[in-house]
K.L.:
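Submitted below is the structure of interest, expressed as structure tokens.
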Number of protein chains: 2
Amino acid sequence: MNRSPVEVDNNRNNSALIVVGELKQDILNGYFQPGEKLKMARLKERYQVGVSPLREALSQLLIEQLVVVENQRGFKVHPVSREEMLDIYATRAEIEALCIGLAIEKGDDEWDAGIMAAAHKMRKFGGLVEKDPQEWERRHQAFHTSIAIGCDSPTLMQVRRSLYEKASRYRNLWLNKNMAESTVFDANQKEHESLIEALLERESINARELIREHLLSPSRALETSQGLTALDR
Amino acid sequence: MNRSPVEVDNNRNNSALIVVGELKQDILNGYFQPGEKLKMARLKERYQVGVSPLREALSQLLIEQLVVVENQRGFKVHPVSREEMLDIYATRAEIEALCIGLAIEKGDDEWDAGIMAAAHKMRKFGGLVEKDPQEWERRHQAFHTSIAIGCDSPTLMQVRRSLYEKASRYRNLWLNKNMAESTVFDANQKEHESLIEALLERESINARELIREHLLSPSRALETSQGLTALDR
DNA sequence: ATATATAAAAATGTCGACATTATTAGCTTG
DNA sequence: CAAGCTAATAATGTCGACATTTTTATATAT
């Protein structure tokens with residue numbers, strides 16, 4: 001039997017694409033634990049589709065390294081490790097520094113304006129971090145994206161997005177335990193302001209070093225947190 | 001009906017993964033033209049599998065941006081454009097420079113040894129480029145990989161591989177027309193020697209600039225070649 | 001003749017069914 | 001009682017079938 005005549009989604013996408021999004025979120029925010037086996041029966045139940053769209057979705061996440069597959073043994077959530085976490089964060093820091101270096105070379109007024117706008121939205125939400133961490137993370141990310149976008153390279157931005165997603169998986173596994181320590185948060189905010197200053201002044205070397213530090217500090221925090229020790233099992 | 005009882009492949013992989021490899025090659029070397037519609041009937045015929053493994057394979061190449069999909073309108077080979085070509089090559093140059101910079105920081109004797117070994121295999125094949133361009137490209141790539149691997153970052157190497165594949169698609173579209181001009185080739189060889197020298201001397205800034213030039217020259221050649229003008233239609 | 005509407009043909013996306021393979025449970029034996 | 005074998009149970013991977021949608025071909029009207 002096919003889908004009901006009254007379609008719930010007006011989407012232009014097929015089921016697989018829809019499932020990709022939901023499944024990705026479920027993996028990133030930890031609904032499906034690292035290493036967990038993804039049984040077809042359960043997935044069918046949860047997303048209300050057959051195996052074909054599911055396998056297509058899983059195939060996509062396979063390339064994005066969020067799931068792994070073994071022949072005749074099905075799919076599993078990509079396992080986590082301290083080693084991989086450090087590698088992803090380190091790479092992410094270098095890529096972001098690269099974006100910023102290129103962006104500063106090409107930067108114009110419009111780029112500056114975009115950064116100021118995003119920074120404003122982020123600052124305005126500063127006090128509500130503990131109220132709605134999700135929304136804050138969105139604005140935080142939008143701020144950094146407004147900077148990186150100045151590199152003017154779709155290819156590089158694609159790489160950047162992929163790394164962000166992998167990293168956010170580790171961040172979420174940790175966030176669920178250690179909720180927003182305000183000391184860490186305040187330090188973060190100051191780093192943002194220094195970064196903006198360096199960008200507007202086109203201080204490339206300085207900005208790149210600032211962003212490296214900014215992106216590496218979470219990985220240092222994660223390394224010693226409860227979250228990751230739990231991941232060692 | 002299922003596959004014949006006598007399996008042709010002793011592979012540990014499922015059909016989808018096998019098809020991924022073959023289909024990827026067919027796209028990269030231009031058997032399927034940019035923008036070409038990938039009709040299921042034809043793919044079934046060519047790879048001797050049903051639609052399920054095919055859709056899985058296509059879903060993977062979708063993320064790798066080698067194919068595109070439109071709902072109810074099937075899959076197409078990802079189109080090419082001069083713009084994208086330049087962006088991919090530019091990004092690739094930056095990533096390779098990044099790998100080399102990190103590798104020089106961490107480089108030890110083993111790294112040097114690996115480079116020398118790969119360089120030797122490449123030099124030995126120097127005269128046979130026109131005889132077997134495929135094999136030369138393999139050794140050329142192995143040489144560059146032996147350098148980049150020193151960055152010691154699986155994540156970064158993954159990014160690098162993906163970019164190499166996308167770039168090689170453009171290179172192949174061009175290679176089929178302009179076959180190995182020896183002047184270009186000789187210049188290439190000299191660049192390799194300069195690069196090796198800089199690496200062994202740990203001259204980071206110099207090496208990074210050399211690799212950027214080395215990787216950007218093909219894109220400059222492609223830009224004005226017949227190959228790409230044909231791609232503009 | 002061009003444009004519009006209609007019918008026919010082709011192609012896509014999804015499901016259920018089934019063969020194959022892995023996993024578990026129960027049983028035997030040293 | 002542990003270790004190995006066997007039977008059962010469960011899960012995967014692939015195909016053919018079918019409903020839905022797009023594309024092509026044909027007919028009609030302005």
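Every heavy atom of this structure was used, including side-chain atoms; hydrogens, water molecules and symmetry mates were not. Throughout, a chain's letter reflects where its sequence line sits, starting with A, and its residues are numbered from 1.
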K.L.:
Could you tell me whether A:R138 and A:E135 have a side-chain N and a carboxylate O separated by less than 4.0 Å?
P.N.:
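Salt bridge flag = yes for A:E135 with A:R138.
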K.L.:
Between D:dG13 and A:R55, is there an OP1 or OP2 to side-chain N/O distance shorter than 4.0 Å?
P.N.:
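Yes, within the criterion.
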K.L.:
For atom NZ of A:K39, decide whether the heavy atoms of other residues, nucleotides or ligands shown that lie under 6.0 angstrom number more than 12.
P.N.:
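12 or below, so no.
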K.L.:
Within a 6.0 Å radius of atom NZ on B:K37, are there more than 12 heavy atoms belonging to other residues, nucleotides or ligands?
P.N.:
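Above 12, so yes.
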K.L.:
What nucleotide, of C:dT14, D:dA11, C:dT12, holds the atom closest to the side chain of A:K37?
P.N.:
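My answer, after comparing the listed nucleotides, is D:dA11.
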K.L.:
Have a look at A:K44 and say if it touches a base, only the backbone sugar-phosphate, or nothing, with a 4.0 Å heavy-atom cut-off.
P.N.:
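It contacts nothing in the nucleic acid.
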K.L.:
In whole Å, what is the span from the CD atom of A:Q48 to the P atom of C:dT14?
P.N.:
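The answer, rounded to whole Å, is 15 Å.
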K.L.:
Between C:dA11 atom C1' and B:E70 atom CD, what is the distance in whole Å?
P.N.:
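Atom CD in B:E70 sits about 14 Å away from atom C1' in C:dA11.
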K.L.:
Do the charged groups of A:R171 and A:E137 touch, with an N to O distance under 4.0 Å?
P.N.:
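Salt bridge: yes.
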K.L.:
Roughly how many Å is it from CG in B:L54 to P in D:dC15, rounded to a whole number?
P.N.:
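In whole Å, D:dC15 P and B:L54 CG are 8 Å from each other.
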K.L.:
Expressed in angstrom and rounded to an integer, what is the separation of A:K76 atom NZ from C:dA22 atom P?
P.N.:
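It is 15 Å, rounded to the nearest whole Å.
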K.L.:
What's the closest nucleotide to the side chain of A:P53 if the choices are D:dC15, C:dT14, C:dG13?
P.N.:
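The nucleotide sitting nearest to the side chain is C:dT14.
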K.L.:
C:dT12 C1' sits how many Å from A:L17 CG, rounded?
P.N.:
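So the two atoms are 14 Å apart, to the nearest Å.
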K.L.:
Whole-Å distance between C:dT23 P and A:N71 CG?
P.N.:
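Going from A:N71 (CG) to C:dT23 (P), I get 12 Å.
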K.L.:
Would you mind telling me which residue lines up with the more 5' stretch of DNA chain C, A:Q72 or A:A16, judged by nearest nucleotide?
P.N.:
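So the residue in question is A:A16.
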K.L.:
Around B:K121, counting heavy atoms of other residues, nucleotides and ligands shown, do more than 12 lie under 6.0 Å from its NZ?
P.N.:
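No, because the 6.0 Å sphere around NZ of B:K121 holds 12 heavy atoms or fewer from other groups.
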K.L.:
Over how many whole Å does the gap from A:N14 atom CG to C:dC15 atom P extend?
P.N.:
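Taking CG of A:N14 and P of C:dC15, I get 11 Å after rounding.
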K.L.:
According to the interplanar angle, ranging from 0 to 90°, do the rings of A:H144 and A:H140 count as parallel (below 30°), tilted (30 to 60°) or perpendicular (above 60°)?
P.N.:
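Judged by the thresholds at 30° and 60°, the geometry between A:H144 and A:H140 is perpendicular.
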K.L.:
Does the ring of B:F32 carry B:R42 above it, NZ/CZ under 6.0 angstrom from centre and within 45° of its axis?
P.N.:
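B:R42 over B:F32 ring: no.
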K.L.:
Please list, pair by pair, any protein nitrogen or oxygen found under 3.5 Å from a nitrogen or oxygen in nucleotides 8-10 of chain D.
P.N.:
none

K.L.:
Closest-nucleotide mapping onto DNA chain D: is A:G74 or A:S52 further toward the 5' terminus? I mean the 5' end.
P.N.:
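The residue whose closest nucleotide sits nearer the 5' end is A:G74.
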K.L.:
OP1 or OP2 of D:dT23 sitting under 4.0 Å from any side-chain N/O of B:R73?
P.N.:
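Checking B:R73 against D:dT23: at least one side-chain N or O falls below 4.0 Å of OP1 or OP2.
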K.L.:
Round to a whole Å and report the spacing from CE of A:M40 to C1' of D:dT14.
P.N.:
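Atom CE in A:M40 sits about 12 Å away from atom C1' in D:dT14.
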